Amino acid sequence: MTNRWLLKSEPDVYSYDDLVKDGETLWTGVRNNTAALNMKKMQVGDEGFFYHSNIGKEVVAICRISKLAAPDPTDETGRWVAVTIEPVRKLPRPVTLAEMKAEPKLEGFELIRQSRLSVVPVRDAEWAQILAMAG
DNA sequence: GCCAACGTTGGC
DNA sequence: GCCAACGTTGGC
């Protein structure tokens, strides 16, 4: 079962361009239980939106899960996990948070409902809607 | 087990 | 810089 996701990153810390440069990256540092549960549900090949938080506040690209959740090497307690992601493509243009909030079809979107969650599931209809908004 | 206090995230 | 939302911690 393929699912879709949205992953947040502050672009001054790690942007989509950094991911392109690196080829792939271990998505470390998630320290929230709901977000960790979402990562454990990810399958290799699942796609996700890459969202720039704080600066930009917009979906900029699509990425793909390339490795399943495994223990996060930056976590000394051994309780947290990280997946590996790779870049897929940039959107024709970014879709901003303000646009998504203004779109009635995205009313139930988890990104908007629970704004602090850093790894968010995206429903098929929401995925299609955001792609359509990206042009 | 409840809840107040505090810390963090992220939008504005 | 402020604040809302949410999670965590610790006293009782």
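Just so it is clear, the values below take in all heavy atoms, side chains as well, and ignore hydrogens, waters and symmetry mates. Order of the sequence lines sets the chain letters (A, B, ...), proteins ahead of strands, with each chain counted from 1. In this text the structure is predicted, and so the values were computed from the model without any measurement.
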Between CZ of A:R113 and C1' of B:dT9 the distance, given in whole Å, is 17 Å

| query | Distance-only, no hydrogens or angles: does the A:D75 side chain make a donor-acceptor pair with backbone N or O of A:D72 under 3.5 Å? | reply | no

When rounded to whole Å, the NZ to P distance for the pair A:K57 and B:dT9 reads 17 Å

inquiry  = Would you say A:K101 places a side-chain N or O within less than 4.0 Å of OP1 or OP2 belonging to B:dC12?
reply    = yes

To the nearest angstrom, the CG-P distance between A:L7 and B:dG10 comes to 12 Å

From CG of A:L6 across to P of B:dT9 the rounded distance in Å is 17 Å

| message | With heavy-atom distances below 4.5 Å as the criterion, would you say the side chains of A:P121 and A:N3 are in contact? | response | no

Below 4.0 angstrom from OP1 or OP2 of C:dG7, is there any side-chain N or O of A:Q114? yes

- Query: What is the nucleic acid contact for A:N32, judged by heavy atoms within less than 4.0 Å: base, sugar-phosphate only, or nothing?
  - Reply: sugar-phosphate

Tell me, yes or no, whether the heavy-atom count around A:R93 atom CZ, taken from other residues, nucleotides or ligands under 6.0 Å, exceeds 12. yes

Quick note, A:R116 side chain, CB onward, closest among C:dC6, C:dG7, B:dC12 is C:dC6

Over 60° means perpendicular and under 30° means parallel, so tell me whether A:F49 and A:W127 are parallel, tilted or perpendicular.
parallel

Taken to the nearest whole Å, CG/A:N54 to C1'/C:dA4 is 15 Å

Testing B:dG11, B:dG10, C:dG7 for proximity to the side chain of A:Y51, the answer is B:dG11

Describe the nucleic acid contact of A:L97 in one word from base, sugar-phosphate, nothing, applying a heavy-atom distance below 4.0 Å. sugar-phosphate

Only residue of A:W5, A:F50, A:W80 satisfying ring pair (Phe, Tyr, Trp, His ring centres under 6.0 Å) with A:W27 is A:F50

When rounded to whole Å, the CZ to C1' distance for the pair A:R31 and B:dG10 reads 18 Å

From CG of A:L111 across to P of C:dC6 the rounded distance in Å is 13 Å

Between CD of A:E10 and P of B:dT8 the distance, given in whole Å, is 13 Å

